[in-house]
2 protein chains.
Amino acid sequence: MKDRKQHVIKMAHQLFIDKGFQATSIQDILDYSGIAKGTFYNYFSSKNELLIALFTTLYKQMEKERNELLIGQDPSDIEIFIKQMELQLEMNRSNNLTALFEEVYVSNDEELKQFIKIGSFKSLRWLYERFVAIFGEDKKPYLLDCASMFMGILSHMLKNYSIAVKSPHAIHLVVRYSVNRIAKIIEEVSQSGEQLLEPELLDAWSPNGKKNNQAFQQALHRIILNLKKPFTQNIGSKKQVELLDFIYEELINRQEPRLYLIDSVLDTLKKEPQLKRTAGMQKLEKFINEYVKNEK
Amino acid sequence: MKDRKQHVIKMAHQLFIDKGFQATSIQDILDYSGIAKGTFYNYFSSKNELLIALFTTLYKQMEKERNELLIGQDPSDIEIFIKQMELQLEMNRSNNLTALFEEVYVSNDEELKQFIKIGSFKSLRWLYERFVAIFGEDKKPYLLDCASMFMGILSHMLKNYSIAVKSPHAIHLVVRYSVNRIAKIIEEVSQSGEQLLEPELLDAWSPNGKKNNQAFQQALHRIILNLKKPFTQNIGSKKQVELLDFIYEELINRQEPRLYLIDSVLDTLKKEPQLKRTAGMQKLEKFINEYVKNEK
DNA sequence: GAGAGATTGTACCGATTGTCTAATTTGATA
DNA sequence: TATCAAATTAGACAATCGGTACAATCTCTC
């Protein structure tokens with residue numbers, strides 16, 4: 001069951017690499033992975049959901065391998081950092097991730113956009129924290145600027161250099177070049193004192209920012225409690241209570257609430273006669289849209 | 001007639017800004033600009049063609065205004081350059097150009113992709129030439145690297161700063177910050193001597209670079225003439241001669257040879273018994289790959 | 001072997017791009 | 001002013017796509 005779903009993801013990934021995301025129709029995926037349409041929509045609620053599932057597996061794998069490079073090593077060793085960057089760029093290349101990203105970045109699906117935005121935010125944060133470890137706490141005020149610039153230098157130089165030179169060492173050369181540049185920039189900005197982005201912004205951007213807010217937690221708790229009421233006496237309604245608790249836990253405790261899961265659970269709950277079209281459910285949806293998805 | 005077409009472009013532009021390119025259907029454009037579907041397809045062969053027409057007008061306007069800022073001014077004055085960058089970024093912003101670019105960059109339309117690629121290449125070249133004027137001829141070997149890095153720094157910092165701070169001065173601050181950084185980088189790389197991109201690459205990338213080369217034209221002419229030989233006496237073989245002439249014209253006269261067309265014509269020609277697997281055909285293919293596609 | 005859940009195949013819906021055509025309007029010329 | 005070619009219109013139409021619905025079938029577990 002689980003491996004079958006993974007198999008579909010894998011086959012779709014292959015098609016996306018070959019033809020691109022938009023150009024791959026669902027029928028292509030069905031044919032290529034040998035499943036029926038009904039099965040597909042049993043696994044994923046849409047083509048975008050499949051893409052999110054694909055991204056998630058790739059992200060996790062990348063994070064795992066990237067972190068393994070650090071085990072037992074000195075976090076301030078810049079050579080380790082270079083290896084990490086090379087690993088990530090190499091994975092991007094072999095999975096055609098940059099192309100997929102760009103293709104999807106401006107999609108019409110709000111959920112997908114959010115997902116990508118969170119992904120790029122996370123890698124910016126990771127970069128910032130690595131910079132702190134490498135260049136020292138005293139440079140902190142400038143390191144978010146520098147992380148952002150490093151991303152820009154790296155991506156642009158890699159793109160242009162790859163066009164110019166077909167070399168298997170492109171990634172290696174560009175990473176080293178970019179690291180040399182950013183090291184000098186860090187020296188320079190910490191002398192001139194110029195700064196654009198305060199590192200505190202990371203907390204504000206973080207999905208946790210809102211969640212650490214006391215008012216947020218209380219409001220959510222109140223809403224969920226209210227919705228659970230009709231079920232608390234009825235023993236047969238354990239499932240609904242569990243679903244509501246799940247939403248609460250996911251929003252409060254999970255670093256990155258899986259919005260697609262929450263949406264799915266909301267859908268399930270909305271099918272419940274006792275919740276369908278109630279004011280409480282609408283309030284919950286509006287609340288999530290407002291404070292978690294930052295919409296409306 | 002002409003102004004009517006321009007009117008459609010203008011209306012579509014408005015819709016693209018409001019809803020995005022993908023999300024705007026042709027029907028939307030028809031309704032909003034009050035024309036019939038037939039008229040639309042009389043003006044543009046597709047929605048992508050319309051987008052290219054829109055980009056073209058915006059490009060021209062941007063180039064015009066940007067160059068006007070230089071009239072009667074010192075080209076090495078960095079303040080003028082800053083004004084030029086601000087102008088371009090401001091136009092990007094007000095026209096939602098960056099979003100449109102990204103949305104379209106990975107489209108499936110080869111022509112559209114080529115168009116965008118040429119656009120970004122042109123602005124890289126412009127930036128390089130401005131840097132030469134500002135930072136001096138002696139820095140030339142490093143200025144293509146720096147132009148590329150400047151683009152990266154600028155776009156990433158602007159994106160992140162705009163997310164962080166809703167300020168009308170965002171563009172102003174980010175441009176100045178980026179210029180300060182790149183100025184120091186130029187000093188630094190010209191001391192360390194590190195280089196990735198040779199400025200000569202600009203000529204190789206340029207559509208005109210190779211084509212203005214006398215040797216290129218003569219060689220191509222010789223190859224094509226050679227291939228036409230078997231057909232010149234036979235009146236029934238007009239088509240093959242026309243196809244060969246087409247390739248020649250397309251490569252020599254067209255600013256951006258439509259490679260997909262040429263490939264298609266080559267395929268057709270290769271099916272011709274008199275050309276199939278001949279040394280001449282192979283020479284032509286190799287020639288095109290080498291001098292036009294910059295491959296192998 | 002009975003039954004629940006997963007899977008299949010297929011028909012169907014609505015939206016979209018793009019083609020085609022017959023009828024009508026416009027505009028320049030004689 | 002009359003004429004006629006070109007431009008424009010309205011809409012039917014085909015093809016494709018994402019997604020829904022559902023009855024029939026298969027698989028696995030108790």
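Labels below follow one simple rule: chain letters A, B, ... track the order of the sequence lines, proteins then strands, and each chain is numbered from 1.
- Closest contact between the side chain of B/I26 and the listed nucleotides C/dT8, C/dG18, D/dT9 involves C/dG18.
- Taking atom CD1 of residue B/I29 and atom P of nucleotide C/dT17, one finds them 8 Å apart after rounding to whole Å.
- For A/S25, whose side chain is taken as the heavy atoms from C-beta onward, the closest listed nucleotide among C/dT8, C/dT17, D/dG18 is D/dG18.
- Considering only side-chain atoms of A/N42, the nucleotide from C/dA6, C/dT17, D/dA7 that sits closest is C/dA6.
- Rounded to whole Å, atom P of C/dT17 lies 15 Å from atom CD of B/E49.
- In this structure, CZ of B/R4 is placed 18 Å from P of D/dA6, rounded to the nearest angstrom.
- Residues B/Q88 and B/N92 have side chains that never bring a donor and an acceptor to within less than 3.5 angstrom of each other.
- Here the nucleotide nearest the side chain of B/S46, chosen from C/dT8, C/dG18, D/dT8, is C/dG18.
- Counting any heavy atom pair closer than 4.0 Å across all strands shown, B/K37 reaches a base atom.
- With D/dG19, C/dT7, C/dG18 as the choices, the nucleotide that has an atom nearest any side-chain atom of B/Y41 turns out to be C/dG18.
- If you take NZ of B/K47 and P of C/dA15, they are 16 Å apart, rounded to a whole angstrom.
- Computed from coordinates, the A/D28 CG to D/dG18 C1' distance equals 13 Å when rounded to whole Å.
- In summary, the side chains of A/Q27 and A/D31 do present a donor paired with an acceptor at a separation below 3.5 Å, with no hydrogens or angles considered.
- For the pair A/K19 NZ and D/dT16 C1', the computed distance is 13 Å after rounding to whole Å.
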Please report the C-alpha distance between B/R93 and B/E90 in whole Å, then the side-chain angles of each, then the deciding distance to 0.1 Å, and finally whether the salt bridge (Lys or Arg N to Asp or Glu O under 4.0 Å) criterion is met. CA-CA 5 Å; B/R93 197 194 54 77; B/E90 189 54 48; 2.6 Å; yes

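- To the nearest angstrom, P of D/dT27 lies 16 Å from CD1 of A/I35.
- Considering only heavy atoms from C-beta on, B/L220 comes within 4.5 Å of B/L284 through its side chain.
- A cation-pi arrangement is present between A/K47 and A/F21 under the rule of less than 6.0 angstrom and at most 45 degrees off the ring axis.
- Taking the nucleotide of DNA chain C with the nearest heavy atom to each of A/T39 and B/G38, the more 5' of the two is matched to A/T39.
- Between A/F40 atom CZ and D/dG18 atom P the separation is 9 Å, expressed in whole Å.
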